[in-house]
Amino acid sequence: MAEFIDPAIVPKVTLPSGEEVPCMGMGTFGSDRVSAEDVSAAVAGALRSGYRMFDCAACYGNEHQIGEVFKAAIDEGVVERKDLFIMTKVWNDMHRKVEEACTKSIQDLQCDYVDLYFIHWPFPNYHAPFCDVDSRNPDSRPFSVEEFMDTYRQCEELVEKGKIRYIGISNMTIPKLEAVLPLMKIKPAACELELHPCFQQQEQYDYLVAHNIQPVGYMPLGSPRRPERDICPEDVADMQTPEMQEIAKAHGVHPALIALKWAHQRGEISIPFSVHNYVSNLKCVTEDPLTDEEMAKIGTLEKGNRLVKGQVFLWEGAKDWHDLWDEEGFIVK
């Protein structure tokens, strides 16, 4: 039996509504390397070891299996639905049919409602599962405020209907946020973005905090097991940097746990995925915090090391993946 971490001792973050939620969730993206069965088995173990937040997505292709796990845990009295915080996302091909997508996720996850529903990417640029990094969909197009807000309005209606409790945005940029935030009736509770020691996105992180939007960091370990198509020669391995190695040695733990402690102490929600190490991932935020000096040292590791570049979402006329991220301070068309 895996060690049990009492959910009551897991540190919390406070959403804009005032609701407190765990600072650590479990991701469920098996990144093309882990089967749906292995992911759902890990979720089952995580539930029983004290996890109460789970980050899912329709496009991961495993919500049905995870739903069986949720149902079994609730039926067995391991947990009540009200004590779970379930997050999922609308995929790019369903931006015009958000309620249909959400309803299917709720059915697959067997969860009655979704706590936090993200717009997975800010444009409807669809790519086939397992596609090559050089794949391009001729229908892809640049970001459109009108199209995005149409999708967002559908999410607002789902809040009003009680199907979702909070709306999330994901993979956004400051220029895109500037364009859409003033148009929203219901403000987003959270933004999911890539965050790890060598890609801290401090400017966007600070922007989110200033606008009362909770950062949720994916790939908090620098994702050593991301899909092959996303690996480039210039990528930096966060956990192999001398600074991370040195701090890990001082604490007597793996550098992965240092990355998670850093993320928690910075104030974000982390959603690491692990088939085997989920107990230590959760436990690490409940003990042995990093010192101010160690936090400052990790703060120097920023290398602009974006790992999820999003090449498969590029539209005709776009130069390269940099165009997706508005790095010059304006929305690239």
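What you are looking at is a predicted structure, and each value in this text was computed from that prediction instead of being measured.
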Assess the pair Phe123 and Phe148: is the distance between their ring centroids shorter than 6.0 Å? no

Parallel, tilted or perpendicular: which fits the ring planes of Trp91 and His120, with parallel below 30° and perpendicular above 60°? perpendicular

Kindly say whether Leu260 contributes a backbone atom to a donor-acceptor pair with the side chain of His264 at under 3.5 angstrom? no

Test item: Ser170 side-chain N/O and Glu192 main-chain N/O as donor-acceptor pair under 3.5 Å: yes

Distance-only, no hydrogens or angles: does the Asn171 side chain make a donor-acceptor pair with backbone N or O of Leu193 under 3.5 Å? no

Is there a donor-acceptor pair closer than 3.5 Å between any side-chain N or O of Lys12 and the backbone N or O of Val10? yes

Same cluster or not: Phe199 versus Val308, using hydrophobic residues (I, L, V, M, F, W, Y) connected whenever any side-chain heavy atoms lie under 4.5 Å apart? no

Expected output: side-chain Tyr113 to main-chain Ile106 donor-acceptor under 3.5 Å: no

Would you confirm whether Lys89, through its side chain, and Cys56, through its main-chain N or O, come within 3.5 Å as a donor-acceptor pair? yes

Distance-only, no hydrogens or angles: does the Arg96 side chain make a donor-acceptor pair with backbone N or O of Glu147 under 3.5 Å? yes

Among Trp121, Phe330, Phe143, which residue meets the ring pair (Phe, Tyr, Trp, His ring centres under 6.0 Å) test with Trp325? Trp121

Check whether Gln265 reaches the backbone of Leu290 with its side chain - one donor and one acceptor, N or O, closer than 3.5 Å. yes

